[in-house]
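Side chains included, hydrogens not; waters and symmetry mates left out as well; all remaining heavy atoms used. Reminder, nothing fancy here: chain letters follow the sequence lines and each chain counts from 1.
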Amino acid sequence: MENTVEVSHVSKSFNGQSVVRDISFDIASGEVFGLIGPNGAGKTTIIRMLLDIMRPDSGEIRILDAADEIKDMIGYLPEDRGLYRRLTIMDTLMYLGALKNRQSKERTLELLDKMGMLSNRDMKISELSKGMQQKIQIIAAICHDPGFIILDEPFSGLDPVNMKLVKDLIIQLGKEGKTILISTHMMDQVERMCDRILMIHKGSGVLYGSVGEIKSRFGKNTIFLEFEGQLENIAGVKKINYSGNYAELILEEGADAQNVLKNIVSMVRVNKFEISMPSLNEIFIQVVEGS
Amino acid sequence: MTKWMTIAKHEFSYNVRRKEFLFVTFGLPIFMLAIMGIPILLMSVSISHEEYRIGYVDRTGSFEPLNFTGYPDEETARKELLEGKITHFFVIPPDYRSTGKINIFSTNRTLSGTVDDKIRDFMLENLLKGQKIDLVERIKDPMHSEYFILNEKGETGEDGFSALLVSIAFALFFMLSIFTSSNFLLQGVVEEKENRVIEILLSSVSYRELLIGKIFGLGAVGLTQIIVWSMIGAGLLFSNPLVFSILVERMHVSFALLVFALGFFILGFLVFASLMAGVGAVSTTTREGQQMAGIFSIIGAIPLIFSQFILMYPDAILTTALAYFPLTSPITMIMLLSIGEVQFHELMISVLILTFSTLLIIELSVKIFRVSLLMYGKKPTIGEMIKYVRES
């Protein structure tokens with residue numbers, strides 16, 4: 001498959017401080033790719049270099065082979081959101097579309113309709129709620145029908161309903177054959193959406209490959225548990241990540257999941273017990289702690 | 001349409017709808033008219049509604065009443081004044097011929113000039129009794145002066161007065177327009193940095209396209225302002241035939257002067273706008289940007305502060321320096337051009353320096369833009385900026 005993006009040994013530093021170190025990856029055409037890592041890992045700097053907003057100190061970046069203006073073929077949702085407060089929704093979207101030389105009123109109206117904002121199209125940006133402004137920014141990133149879409153933290157600040165709306169939109173864009181780069185620190189949000197990921201930490205790539213391949217590399221040493229009650233120390237469990245009535249249990253090497261289940265049942269009421277591969281979040285923690 | 005044109009079009013339509021633009025463009029002429037017009041209006045109203053009835057007491061025994069009322073003594077005049085039969089009276093003392101002194105009485109404060117003029121005419125007509133009427137009229141209004149300047153070719157040039165007036169008016173309006181629109185550019189850049197729109201823009205266009213689009217869009221805003229002011233000015237002149245005819249008679253603004261003035265306006269705007277874009281790129285807030293921009297605005301205003309000196313000593317070293325320094329040359333040159341004190345080579349040198357500086361500043365601003373635009377909340381030091389510009 002042809003690659004939309006090829007990044008080769010790219011580095012960037014500010015004021016002598018290295019922000020991106022020798023990063024290499026490629027994104028195949030039609031792929032949904034995840035650039036994941038905690039805040040400050042260097043994700044946004046990589047994206048800005050892809051967009052030619054910044055130039056790398058060393059290394060090479062190649063995007064698309066299109067003879068057209070490359071920037072016109074890219075849709076971008078930046079992490080730092082903002083719009084012209086005094087403009088109407090429609091004026092904003094038409095202006096940003098015109099800057100891509102691919103303004104389409106029809107597609108813009110269609111997307112507004114899909115996001116449930118068609119009736120608000122003549123409202124000023126300043127009159128919109130934060131969530132609505134987020135949706136407008138997402139439309140602005142795709143209203144010119146780009147072949148390559150870069151979404152930097154697309155879920156931040158969204159409520160669950162809008163989060164689902166955006167997820168569905170990304171899945172649909174993926175089905176349409178668009179190449180999508182999702183950058184996020186919310187690793188679990190993207191593990192079911194991305195074909196492949198690049199996990200970065202302090203500017204360096206720590207994991208790169210398909211989500212399934214990476215997970216299987218870390219083995220089936222995780223238990224996802226839904227429970228009622230209070231969990232104490234469990235024999236055979238190395239670490240517990242709590243999330244309300246849910247917990248992710250990381251087993252010690254060689255521990256038997258059946259024995260762990262027996263121990264748990266003696267402490268709490270178990271509603272769900274699933275032996276699985278670790279989450280990307282847990283993998284990241286393991287990698288970082290291991291390094 | 002190319003991308004910089006799209007940006008220019010957007011900047012124009014976004015900024016002409018700003019409250020600040022509407023206030024300066026339409027509010028300023030109204031404000032100035034009010035300041036100048038209200039006293040004139042009040043004066044004309046008070047004159048038209050109140051006819052001055054003037055009396056006098058002549059202690060020399062040589063004055064004829066003409067259209068004034070003569071009183072035998074001060075007591076009678078005072079009584080009549082207090083009863084409102086007259087609005088003023090004056091007393092001509094016996095030693096008037098040697099002192100010229102008279103005392104004028106009234107019941108309220110009056111615009112003394114009008115009454116003075118009437119009394120002056122009365123005195124003159126009495127003093128010149130027996131002389132021919134045309135001589136009396138000439139003495140009342142002895143001269144209408146018109147200045148001519150000899151140039152090196154031996155021909156007489158136009159009177160400098162009207163040009164002087166035009167030069168200062170041009171300089172003032174152009175400066176105001178340059179500062180207003182380049183300030184909009186500064187505000188726009190800082191706003192886009194503050195609300196993060198800049199990143200979306202830069203994902204679509206290059207730094208250079210963005211900067212050029214902004215400069216042209218806001219240049220058009222400045223020109224619109226000048227056109228609106230000119231139209232308001234022309235409208236007022238045409239609506240007042242008397243003032244118009246005086247201006248047509250006295251003003252001799254050449255077409256070349258207008259063309260050069262417009263050229264210097266455009267170059268001046270380009271220099272300031274590209275500077276403001278650079279300032280906007282390194283500023284973290286609008287207020288901080290305006291503080292930094294203030295320094296350049298003060299430098300730009302120096303020719304106005306020294307306007308008298310420039311017009312009196314067009315060949316002085318200071319004047320020449322101001323005419324060549326890119327931040328002061330647009331206004332200085334407009335002033336010098338309007339009094340006809342510019343040699344062709346001086347004009348060319350100034351235009352060349354200004355054009356070259358504009359290109360250099362645009363180039364530097366693009367570099368500063370590139371290195372500092374995405375540094376939210378952090379202002380680079382001058383040392384850092386020089387380093388970044390060198391590196392890029």
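The CG atom of Asp145(A) lies 7.5 Å from the CD atom of Glu176(A); values are rounded to the nearest 0.5 Å. How far OG of Ser329(B) is from CD1 of Ile334(B): 9.5 Å, rounded to the nearest 0.5 Å. Once rounded to the nearest 0.5 Å, the distance linking CD of Glu106(A) with OG1 of Thr108(A) reads 9.5 Å.
Residue contact with chain B, scored on non-hydrogen atoms closer than 4.5 Å, is absent for Ile74(A). With a 4.5 angstrom heavy-atom cutoff, Thr2(B) does not touch chain A via any of its atoms.
Val228(B) is linked by a side chain to side chain contact (heavy atoms under 4.5 Å, CB included) to Thr25(B), Phe26(B), Thr224(B), Ile232(B), counting only residues two or more places apart in sequence or in another chain.
Among residue pairs with one or both ends in residues 76-118 of chain A, those qualifying as ring-ring contact (aromatic ring centres under 6.0 Å, His included) are Tyr84(A)-His10(B), Tyr84(A)-Tyr14(B), Tyr95(A)-His10(B); sequence neighbours excluded. Counting only residues at least two apart or in different chains, ring-ring contact (aromatic ring centres under 6.0 Å, His included) contacts with residues 19-49 of chain A comprise Phe25(A)-Phe33(A).
For the set Arg86(A), His144(A), Gln137(A), Arg55(A), the count of heavy-atom pairs under 4.5 angstrom toward chain B peaks at Arg86(A). For the options Asn101(A), Leu99(A), Leu77(A), Leu51(A), heavy-atom pairs under 4.5 Å to chain B are most numerous at Leu99(A).
Here the closest non-hydrogen pair linking Gln290(B) and Gln187(B) is NE2-NE2, 3.4 Å. Taking every heavy atom of both residues into account, Ser24(A) and His9(A) meet most closely at OG-N, 2.7 Å.
Proximity to chain A at a heavy-atom threshold of 4.5 Å picks out nothing from residues 265-278 of chain B.
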